Every structure is written in C-alpha cells, then in structure tokens.
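Bear in mind that the values here come from a model prediction, so they are computed numbers and not experimental data. Just the heavy atoms: all of them, side chains too, but no hydrogens, waters or symmetry mates, feed the values below. Position 1 is the first residue of the sequence; numbering continues from there.
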Amino acid sequence: MNKLYIYIFLFFALPCFSQDSEVWTKTLQNEHHRINGTVAYLILDQPGWAQSPTNPSLILNEEQQAYLFIEQKKSSLEDYESEWMPMLIGDEKPEMMHSITLQNYHGKLIKTMAQTPRGDQVLWLAYLGNEEKVLDIKGAYEKVKDNVLEPQIMAMIRSIYIDELAVVQLFETVPFTAEVEKHGFTEEASYMANSLILTNPETNQNIQMILAEQESSKEEIIAMEREYLSDQNAEIILHESETIPQSMELMVYRSPLNDEGTSTYSAYIFLDKKYITVTTNMENTPANHQLFQEICASVRIK
C-alpha cells in the first residue's frame, strides 16, 4: 500500500471543460479526526476505513486495498497549481472535476481512471489552498470497486474541516524525532511515508531523513551504499563508524551531482530493527561536520 499512492502523480489530466462548483460550510464535530501534520480534520466513519498506525496521514481500507494520503504543503495555491499540477497532467480525461471553496481556501475535487502496474485504478485528487498553505489529498482503489468506494471517498473528503488555530509540530507525521530547531531547521515537508525534508529558511539548507525497516545486516547495507556510490563515480572523502549512543555509519562524499564546493553528508543510524538515513549537502568543514554529528546523535524513535 505504501507504494500505491505514488502512481497517482502520473495520470491526471486537466483539460478545460465546464465544472460543478461546491461551497462547503463546516463545523467541527466529535466525529472529526485531526490528520497529523495538517490543520485538517476528517470524519472517518465509512466501513473499513481507519488511520494507519504507522503513518496517521495515510487513511486505509485494508479489506478493499484502498487509501487516502493527506499532507499539507508549504506552498501558495498559485504556486501549487503552477508547479505541482503540471506533474499531474496525463492522457486520461477526468471523470469528474469540481471546483471547491471552504472558508478562505479554494481548490478542486478530481476523479479519473488510469491503467497502472496494479491494474485499472480509480484515482482521486482533492486540494484546498490559500496564499500560505495547500491541503493535498490523494487516493486510489481498483476500478471494479468504484460503485462501493466512490460514495465513501466523497463522504470523507467532503467532511473536511480546517482549524486555522491548530499547531503542526515538526516531527508530527513520522515515528522519530531529532533536535534540529537549535540549528535553524524549522520547516518541513513529507514526500513519502516515514520521511521528512527539513529546511533552514535562512540558509535554504535541507536535511532529508528516512526511516526504513532493517531487512539486511548493517554490514550489508553499508556495502550496498558503497557499491552504489562507486557506480555513481562518487569520491568518498570520509567514512567513519560511531556509537552516539546508537550505531552510526557516517560518510562524506562528492559525486558528479554535487554543486561546486559542496559535499554530501550521509549517515545510517541503526535503531533496533530499523534504521534512519540522514542526508544533506554542504561545505565540508569541521563546523558542518560537528553540526551533522550533533543532529544525528539526537535522532530517536518515538
């Protein structure tokens, strides 16, 4: 299921034709559930639907093999529609496209069909945004289940409530934490389950963090990484092992993809049967080396 939602990016078409328009007026009810990492609430009272225990931004119907994935993007509606929507353009004509308005948010509700490696799928996209943020909802299921699942999907999406006073915490969407605020990292964006890209808004420096299951030994994982870097013609400047207190393998390397004057800092942090990769690009200096080590040393599973 975690890989399924990726396909939704590939198949949306947005031709110009007449649209229905919906204006939603919502009040918060006891049945609403807040979606982690967002200011949005949904009513999840449809048969078989529940938040994933490992990623509450993922709403699953395990029996029907269906999902909704919800995230909040730090983007204006104008930028979202100009930068993200072209990524969603494909050859499939939407079955449905409604313009929607909720409070001071505007967006669209789109349904389309597509052929994917999983067979014929129904794909959904709903987004609501303003000049500061965009709430982005993607969903999918098998086409043969459309008669049952369409009314459930639409009921959940149409139940959305937005609480402008909700405070979104930095590591709210992932099962790990790290001390990054003192180093200036105050903004985040998710791009897949159990991952974050942290940003320092003053320097525009990014740190990528990904949690994965440890299906191979530490030695095998590091060997595969070194083989990958060799295939990419990367020059490993430094490779050291540390205990901080968790086991960590840290590499500093340069590849043809690096900008002039920057190196890639990459760490594998092993925690029980999981590991977290931490990666950033910056100048190879003692100060940056210490900053990276301090951030890696603070990583913890919740």
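Cluster annotation: M251 is not connected to V299 through the hydrophobic network of ILVMFWY side chains, with a link wherever side-chain heavy atoms come within less than 4.5 Å. I244 and I222 are assigned to two separate hydrophobic clusters, defined by single-linkage of ILVMFWY side chains at heavy-atom distances under 4.5 Å.
Residues E249 and S241 bring a donor and an acceptor atom of their side chains to less than 3.5 Å of each other. Looking at Y141 and N61, their side chains never bring a donor and an acceptor atom within 3.5 Å of each other.
Within 6.0 Å of atom CD in E181, more than 12 heavy atoms from other residues, nucleotides or ligands are found, so the atom counts as buried in its surroundings.
Of all heavy-atom pairs spanning S263 and I237, the tightest one is OG-CD1, 3.8 Å. Across all their heavy atoms, A234 and S255 have their closest contact at CB-CB, 3.8 Å.
Applying the ring pair (Phe, Tyr, Trp, His ring centres under 6.0 Å) test to Y275 and every residue at least two apart in sequence or in another chain returns Y268, F270. F292 meets the ring pair (Phe, Tyr, Trp, His ring centres under 6.0 Å) test with Y265; sequence neighbours excluded. In this structure, S298 has no side chain to side chain donor-acceptor pair (under 3.5 Å) partners at least two apart in sequence or on a different chain.
At least one donor-acceptor pair closer than 3.5 Å links the side chain of T280 to the backbone N or O of N206. Side chain of H183 to backbone of V180: no donor-acceptor contact under 3.5 angstrom is found. The main-chain N or O of Q64 is found under 3.5 Å from a side-chain atom of K145 such that the two form a donor-acceptor pair. Proximity of a side-chain donor or acceptor of S57 to a complementary backbone N or O of F69 within less than 3.5 Å is not detected. A donor-acceptor contact shorter than 3.5 Å is absent between the side chain of K274 and the backbone of I301. Using modelled atom types, one side-chain atom of H32 and one backbone atom of S159 make a donor-acceptor pair closer than 3.5 Å. With hydrogens and angles disregarded, no donor-acceptor distance shorter than 3.5 Å links the side chain of N130 to the backbone of N104. In terms of modelled atom types and a separation under 3.5 Å, the side chain of K143 and the main chain of Q115 share no donor-acceptor contact. With K108 contributing its side chain and L125 its backbone, the two residues share no donor-acceptor pair below 3.5 Å. At distances below 3.5 Å, not a single donor-acceptor pair connects side-chain atoms of Q246 with backbone N or O atoms of T243.
Proximity of V122 to L149: side-chain heavy atoms (C-beta onward) are nowhere separated by under 4.5 Å.
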E81 and Y127: side chain to side chain donor-acceptor pair (under 3.5 Å), yes or no, with the steps? CA-CA 10 Å; E81 291 186 320; Y127 65 90; 2.6 Å; yes

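Here the CD-CE distance, from E95 to M97, works out to 11.5 Å after rounding to the nearest 0.5 Å.
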